[in-house]
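Notes to accompany the following structure.
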There are 2 protein chains.
Amino acid sequence: MTVGLAHAELIAVLTAVTQGEPKVMTVRRGEALPSGPFELVHRSLQSGLREWVQDQTGHPVGYLEQLYTFADRDRTHDSAKRRTISISYLGLVREQAAPGAGKPGWHGWYEYFPWEDHRSGRPAILSGISDQLQAWADVELPRREHRKRRVEFAFGLHDAAWNEDLTLQRYELMYEAGLVAEAGHAPPDISAGRPMFADHRRILATAIARLRAKIKYRPVVFELMPENFTLLQLQRTVEALAGLTLHKPNFRRLIDQQQLIEETGEVTSETGGRPAKLFRYRHAVLEERALSGSKLPLSRN
Amino acid sequence: MTVGLAHAELIAVLTAVTQGEPKVMTVRRGEALPSGPFELVHRSLQSGLREWVQDQTGHPVGYLEQLYTFADRDRTHDSAKRRTISISYLGLVREQAAPGAGKPGWHGWYEYFPWEDHRSGRPAILSGISDQLQAWADVELPRREHRKRRVEFAFGLHDAAWNEDLTLQRYELMYEAGLVAEAGHAPPDISAGRPMFADHRRILATAIARLRAKIKYRPVVFELMPENFTLLQLQRTVEALAGLTLHKPNFRRLIDQQQLIEETGEVTSETGGRPAKLFRYRHAVLEERALSGSKLPLSRN
DNA sequence: TCTCCTTATACTCTAGCTGAGTATATCCAG
DNA sequence: CTGGATATACTCAGCTAGAGTATAAGGAGA
């Protein structure tokens, strides 16, 4: 069988959470995600990415997960005979292992997606966005119903509740409606987040959505935590990722139901009030542990 | 930046469920998954796949989802200067739209994974498999604990329950332990399912795992159903995918809680006993509808 | 025609989980 | 020693999931 030829490129969304803020590693002063060629020396895609991330940041990536592979023709700047296949990955880095986390190179997620951070309530920018989206949705009938439903669902208007997992859907709607600079239409009058090179912001949206969904059923948060941490630090990290505030007593109950962590025996009084116990992740509890969450009515037969 | 050159290949896991059996479309008498080159004429990866699947099967693919992109060096049969990137997709086809579903070309999932079908109880083959896996896990101490935990968790031994979503983990363990023919070790004495070309069975395992997980929170089953169906037909389809039997009253309760379907007003008496009402999927309820399933303790502040 | 078998459909009950709120403990600063 | 801050423990109501039971309505065959 004949097989097409293409360039292969690896794109990384490296994420760390420092001081309760989610960050992404960037190049070109925050305008692009780091990327590199996939070459023959690399054993596999994943190890290829691991190698050059380690070269560039000097620190290991704990968790690495493939996100998506793109190859739309629009993205190609090559000759007519070649095109680029971009394979994107999500990588999680521990706070301590991200020494440049304050330096340029690391930028907060919510610079690019200000409407995604609901920790201090619904962002003001959302009213402008939803106004414009509803205007965009108000076309002739066949498409109108569909558009309206998508907008209301994705942005939690009317009776729908805000669903933090829909980051990608929201970005795509805004792209379709021409509200983000990358769409290339007339520049929007509201400043809808900082744009990025090519479709890099879309890839970041994919990563955020994936991570927000994943923390609910896999213990991946701990890849972002230092060795020892307090329960509130853990909660703040989850809140940073989800862009939401959580109910403290219930968060703690959930955590120790799962038996994912154990006390170190030490306490820290750097938290302001009563000293907090330090915990560590129970590596013994292993990564394989899925938190099930079955929605099927099983029977025991 | 320099970018590596590679061949690009699209691999499809096309699935249909006919008469309560999950099938996958194959070539070479069931030994391989259909695949085709990604070429310049294609607008995008997804549309490229859609086009040649439609050409080959003559029927449209309803639902199409990217699975994974592989590029391990072992898979390459090319010259030293090229390698192949394989992008795999999961596609769902309606029962009626799969005219070849009885003909050669379509094979049951469980020919390849007999240990995955628990609809008639725990398959007998599993005792042999778990014996051999436990023998394999019984090595010197540093690795033993980890191996034992993986085996027990993936195969639901001891206190762990069988988790149908772990199809890929189970296949990978069996591969590591040399229990599947593709591993290339000494041929296993138990016949652990029908092998496939290269890593195609691994890709099929990925597809099964993804689909089993997805039916729990997205209404993708309906992509596999005919226009009108009875509740038991729907249940049998879900059971076929999950490889499990479900509790009938609870299944029905779950379905109409979600308001995903509506009565057509007609009944069918082809089911043997009392005639069953026919239902159809409420397309109005739209694909965007995620069934949430949040595991985060949200607060209303 | 009546009985039995089969499938369809409706209802009940209980344990556990989730969302929400409240109460108590222990440090630091002034 | 008092107030502010954070940490930690406990309570309670409503919902949901798992499980079981009861009734309805067709067909096949005695």
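In the text below, chain A, chain B and the rest are named by the order of the sequence lines, each starting its count at 1.
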Check: Rounded to whole angstroms, how far apart are CD on A/Gln233 and C1' on D/dT6?
Finding: 13 Å

Next item on the list: State plainly whether the residues A/Glu65 and A/Lys214 are in salt-bridge range, i.e. N to O under 4.0 Å.
Entry: yes

Note to self: In whole Å, I'd like the distance from the CG atom of B/Leu278 to the P atom of C/dA8.
What the structure shows: 11 Å

Next item on the list: Take the protein atom CZ of B/Arg236 and the nucleotide atom P of C/dT6, then report the distance between them rounded to whole Å.
Entry: 14 Å

Check: What is the distance, rounded to the nearest whole Å, between atom CG of B/Leu254 and atom P of D/dT16?
Finding: 11 Å

Next item on the list: Quick one, give me the B/S/- string for nucleotides 24-30 of chain D, reading 5' to 3', where B means a protein heavy atom under 4.0 Å from the base and S means that only happens at the primed atoms, P, OP1 or OP2.
Entry: BBS----

Next item on the list: Under the ring-ring contact (aromatic ring centres under 6.0 Å, His included) rule, collect the residues that match up with B/Phe155, sequence neighbours excluded.
Entry: none

Next item on the list: Check whether any side-chain N or O of A/Gln257 sits under 4.0 Å from OP1 or OP2 of C/dG16, and answer yes or no.
Entry: no

Item checked: A/Thr18 versus A/Lys23, side-chain donor and acceptor atoms under 3.5 Å -> yes

Next item on the list: Report the C-alpha distance between A/Gln169 and A/Met174 in whole Å, list the side-chain angles of each, state the deciding distance to 0.1 Å, and finish with yes or no for side chain to side chain contact (heavy atoms under 4.5 Å, CB included).
Entry: CA-CA 9 Å; A/Gln169 282 92 321; A/Met174 290 173 67; over 6 Å; no

Check: Taking CG from A/Leu232 and P from D/dA7, how many angstroms apart are they, rounded to a whole number?
Finding: 5 Å

Note to self: Rounded to whole Å, please give me the gap between CD1 in A/Ile255 and P in D/dA7.
What the structure shows: 15 Å

Next item on the list: Inspect the contact between B/Arg170 and B/Glu164 and indicate whether a charged nitrogen and a carboxylate oxygen are less than 4.0 angstrom apart.
Entry: no

Notebook entry, point to check: CZ of B/Phe251 versus P of D/dT16: gap in Å, rounded?
Noted result: 18 Å

Check: For A/Val221 and A/Ile215, which heavy atoms make the closest approach, and how far apart are they?
Finding: CG2-CG2, 4.2 Å

Margin query: Salt bridge check, A/Arg236 against A/Glu239: does any charged N sit closer than 4.0 Å to a carboxylate O?
Written below: yes

Notebook entry, point to check: For C/dA8, does either OP1 or OP2 sit under 4.0 Å from a side-chain N or O belonging to B/Lys248?
Noted result: yes

Check: Does the distance from a Lys or Arg side-chain N to an Asp or Glu carboxylate O, for A/Arg119 and A/Glu21, drop under 4.0 Å?
Finding: yes

Notebook entry, point to check: Can you check the A/Phe279 CZ to D/dA7 P distance for me, whole Å?
Noted result: 11 Å

Polar atoms only, N or O, under 3.5 Å: list the protein pairs with nucleotides 9-15 of chain D and their distances.
none

Next item on the list: Please tell me if the side chains of B/Leu260 and B/Arg282 come closer than 4.5 Å, counting only heavy atoms from C-beta onward.
Entry: no

